[in-house]
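In what follows, a single structure is set out as structure tokens and then discussed.
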2 protein chains.
Amino acid sequence: MPGRKKPTMPPATPAKAATINDIARLSGVSKKTVSRIINQSPLVRKDTRERVEALMREVGYAPDPMARGLAFRKSFLIGMVYDNPTAQYIVDMQYGVLDALRESAFELVVHPCDTRSPGYIDGVRRFVQQQKLHGVILVPRASEDQALADMLDEIGCRYTRVASVALGSNSSQQVITHDRDGAAEAADYLLSLGHRDIALITGPSAYRSTYERTNGFVEALRRRGLELPPERICEAGYTFESGVAAAEKLLLGSKQRPTAIFTGNDEMAAGVYRVSMRAGIQIPRELSVVGYDDSPLASRLWPPLTSVRRQTRDTGRTAAAMLIQPEDAKTLSVASVRPHLIVRDSCQPPAN
Amino acid sequence: MPGRKKPTMPPATPAKAATINDIARLSGVSKKTVSRIINQSPLVRKDTRERVEALMREVGYAPDPMARGLAFRKSFLIGMVYDNPTAQYIVDMQYGVLDALRESAFELVVHPCDTRSPGYIDGVRRFVQQQKLHGVILVPRASEDQALADMLDEIGCRYTRVASVALGSNSSQQVITHDRDGAAEAADYLLSLGHRDIALITGPSAYRSTYERTNGFVEALRRRGLELPPERICEAGYTFESGVAAAEKLLLGSKQRPTAIFTGNDEMAAGVYRVSMRAGIQIPRELSVVGYDDSPLASRLWPPLTSVRRQTRDTGRTAAAMLIQPEDAKTLSVASVRPHLIVRDSCQPPAN
DNA sequence: CTGAAAGCGCTTACAG
DNA sequence: CTGAAAGCGCTTACAG
């Protein structure tokens with residue numbers, strides 16, 4: 001043969017993927033029947049269904065989400081809307097959502113935002129409408145903004161809210177994390193160790209979780225007959241630095257130090273550790289500390305921090321599962337994920 | 001009027017969104033011309049373009065990504081593929097990618113995976129092909145797997161790799177993070193303080209970053225005439241626990257303790273802190289420590305950890321920008337983001 | 001520089 | 001239980 005010209009291989013694109021038409025033709029049914037099978041319609045004879053499904057598996061057919069989305073006027077995308085500053089929380093939530101989406105036709109598209117910026121609701125609206133999202137998962141603090149929820153209702157977008165307590169007036173799907181109970185467990189634990197002079201560093205008041213954790217803690221103490229004086233409650237901002245400032249006020253500002261501190265999250269507990277270190281206050285011998293989140297940080301600190309675990313991945317999984325269940329199966333409208341205390345080495349009975 | 005029947009309001013769905021046909025009709029051009037304007041074709045007269053664009057803004061028109069995707073046979077989705085265990089790194093990378101995608105038609109869909117599981121490449125392939133992704137961003141360790149890159153080449157999928165050093169044979173787009181230089185800066189810093197007995201805790205050998213950081217560190221010492229003996233190099237697994245184990249070997253196992261330790265990431269540095277705490281070794285008086293990542297953890301530890309900052313958000317932004325630039329503008333094929341040392345309080349000159 | 005026709009791969013609405 | 005026609009909102013390929 002003249003020349004060494006190789007037979008022209010078709011370039012990178014291997015055999016074009018099968019379409020609904022190929023499946024219909026090869027299995028001898030109409031494309032409408034194939035469509036019924038894709039969409040799990042019961043109106044297909046069992047043997048037809050099985051024959052077609054076998055063919056789909058054989059050729060590796062998967063319906064095109066864009067074509068389906070165009071016809072449905074709705075995409076197969078789930079949005080996650082959040083402005084939480086804690087990386088581990090966000091990543092855990094994403095993992096949970098993806099757990100629920102696996103084996104489904106849905107994918108996760110992320111949308112961080114800043115709930116304090118004026119245009120953020122419009123940003124979410126554009127995101128939802130342009131992508132024709134199937135639904136969105138709202139994570140605190142975005143989930144607590146009623147104006148956001150109202151906007152989503154108005155444009156007819158499904159959503160699931162993750163919230164520290166059952167929220168609001170309308171019937172939106174929710175996953176409740178019962179922060180009140182988690183904080184109460186922390187309170188009971190400190191009381192059981194014998195602490196009576198306890199202080200509290202809260203998150204910012206703009207967060208509903210702050211309200212829940214604060215009240216859960218205060219009321220649990222009250223149930224056991226202990227009233228927390230106002231000067232033992234210090235509002236901070238969920239950040240390390242704000243935790244440092246609050247701890248300074250609590251530990252260095254007054255003659256009488258509390259024997260235990262509960263903080264609204266682990267970051268602020270790290271702030272308490274920092275101040276204690278600097279001031280030579282020994283944890284747990286002179287000061288017991290309990291955090292909230294059970295983040296990786298909790299076990300990196302020394303001594304390892306006792307903290308309330310949130311089961312964030314479960315929360316994300318549940319939220320996504322609720323969102324993608326069929327419209328008619330309205331079984332799940334409110335779900336719960338319960339926190340619980342993880343005891344490590346940051347607490348002991350008070351010294352005296 | 002009989003009855004109090006309200007005029008039937010159309011339900012939740014407000015005025016249907018404008019389509020390309022509406023824009024064409026209202027502005028008196030063909031839909032093809034509108035399409036040209038959407039796609040920034042130069043083949044449109046300036047005044048026509050301006051008139052139509054004004055109308056688009058007025059009615060708030062945005063083209064439907066599913067319809068465009070169906071016609072293009074390619075979606076407007078960017079995938080991010082990763083199996084990195086560090087939450088902050090992932091979140092920073094996502095933020096960076098979203099920075100670059102803002103104001104574009106693209107959205108980010110996340111795809112964590114496990115590069116040690118046998119089916120993971122098939123999983124990525126299905127993800128890419130079913131969603132007809134516009135491109136994917138590969139993050140370590142996934143970015144270092146040549147088999148993954150080969151598969152993406154084979155199916156004709158664009159991708160950008162984030163890697164610690166320029167990688168491989170083919171011409172894929174890359175963002176290089178120069179981990180070798182970051183580690184060298186850590187070495188120079190410790191040398192400049194006067195340390196001569198230095199130890200190294202590395203990440204797992206399966207990571208290219210481990211190789212780069214280790215060699216960058218070792219060679220920087222060598223350039224200054226210091227040869228690191230093998231027993232001062234300890235392989236660990238990038239986790240806190242593995243850092244603890246390595247630190248125990250280095251600090252408690254031998255008579256002569258090193259005066260400084262460099263660790264492949266901050267998590268393992270936290271392990272060194274833990275062991276030092278337990279053994280009563282004071283940082284930095286008796287032991288200097290340098291980490292890598294400059295994660296939030298670095299400033300939560302006591303004393304605050306000196307660490308190499310990675311600029312992850314910039315890295316993500318650059319990677320995404322490269323991916324969505326037009327095919328013809330091949331200007332950017334390799335980009336660099338440089339690490340640098342953040343000095344805090346975990347180092348000082350050796351005691352003797 | 002502009003446009004009419006056909007098609008991307010699905011589903012809806014209607015018939016049977 | 002099954003199917004033929006029309007359409008979702010865009011782009012490609014071809015003409016002018």
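Residue numbering restarts at 1 for every chain, and letters A, B, ... go by the order of the sequence lines.
Along DNA chain C, read 5' to 3', the first and last nucleotides having any atom under 4.0 Å from a heavy atom of chain A are C:dG9 to C:dT12.
Within the 4.5 Å cutoff, side-chain heavy atoms of B:Arg161 are placed close to those of B:Leu167. No side-chain heavy atom of B:Phe76 sits under 4.5 Å from any side-chain heavy atom of B:Glu107. Counting heavy atoms from C-beta outward, B:Arg49 and B:Arg45 have side chains that stay 4.5 Å or more apart. A:Leu55 has its side chain out of reach of A:Tyr61: every pair of non-hydrogen atoms, C-beta onward, lies at least 4.5 Å apart. Using a 4.5 Å cut-off on side-chain heavy atoms (C-beta onward), B:Val34 and B:Val29 make contact. Between B:Gln173 and B:Arg158 the shortest side-chain heavy-atom distance falls below 4.5 Å.
Closest-nucleotide positions on DNA chain C for A:Lys32 and B:Lys46 were compared, and the one nearer the 5' end corresponds to B:Lys46.
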Could you walk me through whether A:His134 and A:Phe106 satisfy the ring pair (Phe, Tyr, Trp, His ring centres under 6.0 Å) test, starting with their C-alpha distance in whole Å, then the side-chain angles of each, then the deciding distance to 0.1 Å, before giving a yes or no? CA-CA 9 Å; A:His134 178 269; A:Phe106 297 97; 4.6 Å; yes
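Within 4.0 Å of B:Phe76, counting heavy atoms only, lies no atom of the nucleic acid at all.
Remark: B:Asp92 does not engage B:Arg313 in a salt bridge, criterion side-chain N to carboxylate O under 4.0 Å.
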Based on Watson-Crick and G-U pairs with both distances under 3.5 Å, what dot-bracket line describes DNA chain D 5' to 3', crossing pairs as [ ] and inter-strand pairs as |? |||.||||||||.|||
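Closest approach of A:Thr318 to A:Ala335, counting heavy atoms only: CG2-CB, 3.5 Å.
For the contact set between residues 34-41 of chain A and DNA chain C, defined by any heavy atom under 4.0 Å, the members are A:Ser35, A:Asn39.
When each of A:Ile137, A:Val136, A:Leu148, A:Val81 is tested with A:Tyr159 by the rule side chain to side chain contact (heavy atoms under 4.5 Å, CB included), just one qualifies, namely A:Val136.
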